Amino acid sequence: MSAKVPLSPLPQRLPGVARDLLDWYDANARSLPWRAPPGTAAPDPYRVWLSEVMLQQTQVATVRPYFERWTARWPTFAALAAAEDAEVMAAWAGLGYYARARNLLAGARVIAAQHGGQLPDTEAMLRTIPGIGDYTAAAIAAIAFGRRAVVVDANVERVVARLFAIQTPLPAAKPLIRAAADRVTPEERAGDFAQAMMDLGSGICTTRGPRCLLCPIRAHCEGFAQGAPERLPVKAAKRVRPVRHGTMFWLECDGRVLLRRRPAKGLLGGMLALPTGPWADTAPLLDDAPADVAWRLHDETVAHGFTHFELVCALASGGWRRHPDTIDGEWWPIDALDSAGLPAVFRKATDAMRRICG
DNA sequence: GAGGCGTGGGT
DNA sequence: TACCCAAGCCT
């Protein structure tokens, strides 16, 4: 909770929802590294942009340490634009949705080369930067540049669906919810309002077990009045996740293991990884081995859930007896694998292999 | 529009 | 436990 700061009186035209929510925010705003205290000067646009991208589909507690490390290393657009691709991808390792890191770097370079090192300050221009969509453009315009923008993310969708008791299922309800959000967004302090909605959504108006008795806008809430706000928003049923199978190959040479960078696009794109063939409906076993050596197939497997499928991977190990330079990839010291910047699924595999090999 | 795209936390 | 899901974007 941040210190209370003196605020100028809000315009009388401010609707009750925004007024009550902002009063609550002034007293209860979370203190976050990328956030300015309510009612104070706008925070650094670089930090707002970085935090908004890191926070896409990712919780605050997960983002915080990544944000601290990242800003210490690359504190400005210029610093990030000049960074090495491999360093940036390694710094993102474990955070997921790796296209965000690729877009962040591309975005920093666009900003440095085409925008004089300054983030554009309108939604429409922000929308042209790689990795910035409707939500992030609105959030940056409001939070970093004080513009009135309608910021709609999953928190706002949930709060607004309950506030207006919208029964239409998502995603069909999106236009309706955006129109409703527009109606409650104030002309002034739209940035604080957006962040207040986030805090409300993450701490009080939660998906399960909303704490309505603590809610500052309960009196305005039709969902609460109707008695079952936790049933909103209604969502379309989602598909079952299929299981896919694969093999990861642990090729050792002189205390090092072979790593390869994955293709720039697609799953885990641009990340360093253990060699592996495509992941398919049936177990490929040794079909896609990176080298013709005597592979040993282990009993232990690695299971990992991705957004749209479940992976079960076999582990195979072997030794490279020829000159290290005669195979594609990077030989990484086994003792230093923790600093290789591997995605979580490969970190599971390397941890398992180090256990197996002792 | 719908599906591809990670991961860890909460219940 | 086995789900569900979180400050979305891109194609």
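Just so you know, these numbers come straight off a predicted model, no measurement behind them. Naming: A, B, ... by sequence-line order, numbering from 1 per chain.
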Asks: With heavy atoms under 4.0 Å as the rule, sort A/W92 into base, sugar-phosphate or nothing.
Replies: nothing
Asks: Let me know the distance between NZ of A/K238 and P of B/dG4, rounded to the nearest Å.
Replies: 15 Å
Asks: Classify A/R35 by what it touches in the nucleic acid, base, sugar-phosphate, or nothing, heavy-atom distance under 4.0 Å.
Replies: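 Base contact.
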Asks: Let me know, please, whether A/R241 or A/K265 comes out on the 5' side of the other along DNA chain C by nearest nucleotide.
Replies: A/R241
Asks: Is there a donor N/O on one and an acceptor N/O on the other, under 3.5 Å, for the side chain of A/R64 and the base of C/dA7?
Replies: no
Asks: Within this structure, what is the CG-to-P distance between A/L200 and C/dA7, rounded to whole angstrom?
Replies: 11 Å
Asks: So if I apply the side chain to side chain donor-acceptor pair (under 3.5 Å) rule between A/D351 and each of A/K348, A/R354, A/R355, which one comes out positive?
Replies: A/R354
Asks: For B/dT7, take OP1 and OP2 only and decide whether either is under 4.0 Å from a side-chain N or O of A/H304.
Replies: yes
Asks: On the side chain of A/T58, is there an atom forming a donor-acceptor pair with the base of B/dG8 - under 3.5 Å, no angle test?
Replies: no
Asks: How long is the line joining CE of A/M54 and C1' of C/dA7, in whole Å?
Replies: 13 Å
Asks: Could you say whether A/Q59 or A/R100 is positioned toward the 5' end of DNA chain B, judged by the nucleotide with the nearest heavy atom to each?
Replies: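 So the residue in question is A/R100.
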Asks: What's the OH-P distance between A/Y98 and B/dC5, to the nearest Å?
Replies: 14 Å
Asks: Find out whether A/L119 and A/F145 are in side-chain contact, i.e. whether some heavy atom of one side chain is under 4.5 Å from a heavy atom of the other.
Replies: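 Sidechains of A/F145 and A/L119: in contact.
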Asks: Checking A/R102 side chain against A/A264 main chain: does a donor-acceptor pair fall under 3.5 Å?
Replies: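 Yes: the side chain of A/R102 pairs with the backbone of A/A264.
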Asks: With sugar-phosphate meaning primed atoms plus P, OP1 and OP2, does A/A139 contact a base, only sugar-phosphate, or nothing at under 4.0 Å between heavy atoms?
Replies: nothing
Asks: Where the side chain of A/R127 is concerned, which of C/dA7, B/dG3, C/dC10 is the nearest nucleotide?
Replies: C/dC10
Asks: Go through the N and O atoms of the side chain of A/T307 and the base of B/dG6, and report whether any donor-acceptor pair is under 3.5 Å.
Replies: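 Donor-acceptor pair under 3.5 Å: yes.
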Asks: State plainly whether the residues A/D26 and A/R189 are in salt-bridge range, i.e. N to O under 4.0 Å.
Replies: yes
Asks: Between B/dG4 and C/dA7, how many Å separate the two P atoms, rounded to a whole number?
Replies: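 Taking atom P in both B/dG4 and C/dA7, they lie 23 Å apart.
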Asks: For C/dC9 and B/dG8, measure between their P atoms and round to the nearest Å.
Replies: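 Their P atoms lie roughly 22 Å apart.
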Asks: For C/dC9, does OP1 or OP2 lie under 4.0 Å from any side-chain N or O of A/T136?
Replies: yes
Asks: In whole Å, what is the span from the CE atom of A/M198 to the P atom of C/dC5?
Replies: 19 Å
Asks: Within 45 degrees of the axis of the six-membered ring of A/W24 and under 6.0 Å from its centre: does A/R211 put its NZ or CZ there?
Replies: no
Asks: Rounded to whole Å, please give me the gap between CD in A/E157 and P in C/dC5.
Replies: 13 Å
Asks: OP1 or OP2 of C/dC5 less than 4.0 angstrom from a side-chain nitrogen or oxygen of A/R158, does that happen here?
Replies: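 For A/R158, the contact criterion (side-chain N or O under 4.0 Å from OP1 or OP2 of C/dC5) is not met.
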Asks: Between C/dC9, C/dA6, B/dT7, which nucleotide gets closest to the side-chain atoms of A/F306?
Replies: B/dT7
Asks: Separation of A/Q56 atom CD from C/dC10 atom C1', in whole Å?
Replies: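 About 11 Å, once rounded to whole Å.
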Asks: With heavy atoms under 4.0 Å as the rule, sort A/L268 into base, sugar-phosphate or nothing.
Replies: sugar-phosphate
Asks: Between A/L32 and A/I129, which residue's closest nucleotide on DNA chain C lies nearer the 5′ terminus?
Replies: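 That would be A/L32.
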Asks: Looking only at atom types and distance, does a side-chain atom of A/T58 sit under 3.5 Å from a main-chain N or O of A/Q56, one as donor and one as acceptor?
Replies: yes
Asks: Need one value for A/S51: base, sugar-phosphate or nothing, where a base atom within 4.0 Å counts as base even if backbone is also close, heavy atoms only.
Replies: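 Nothing, no heavy atom under 4.0 Å.
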Asks: Ignoring backbone atoms, test whether A/H308 places a side-chain nitrogen or oxygen under 4.0 Å from the OP1 or OP2 oxygen of B/dC5.
Replies: yes
Asks: Does a nitrogen or oxygen in the side chain of A/Q57 sit under 4.0 Å from OP1 or OP2 of C/dG8?
Replies: yes
Asks: For A/P343, report the nucleic acid contact type (base, sugar-phosphate, nothing); a contact means any heavy atom under 4.0 Å.
Replies: sugar-phosphate
Asks: Taking NZ, NE, NH1 and NH2 as the nitrogens, is one of them in A/E330 or A/R256 under 4.0 Å from a carboxylate oxygen of the other?
Replies: no
Asks: Counting the atoms with a prime plus P, OP1 and OP2 as sugar-phosphate, which does A/V53 contact under 4.0 Å by heavy atoms, base, sugar-phosphate, or nothing?
Replies: nothing
Asks: What does A/G94 touch in the nucleic acid at a heavy-atom separation under 4.0 angstrom: a base, only the sugar-phosphate, or nothing?
Replies: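 Result for A/G94 = sugar-phosphate.
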Asks: How about A/F306 and A/H304: are their ring centroids closer than 6.0 Å?
Replies: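 Centroid distance A/F306-A/H304: below 6.0 Å, so yes.
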Asks: Ignoring the backbone of A/N103, work out which of B/dG8, C/dC10, C/dG8 is nearest its side chain.
Replies: C/dC10
Asks: Between A/R208 and A/G96, name the one whose nearest nucleotide on DNA chain B is closer to the 5' end.
Replies: A/G96
Asks: In whole angstrom, what separates A/M197's CE from C/dA6's P?
Replies: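 Value for this atom pair: 14 Å.
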Asks: Classify the nucleic acid contact of A/K235 as base, sugar-phosphate or nothing, counting any heavy atom under 4.0 Å across all strands shown.
Replies: sugar-phosphate
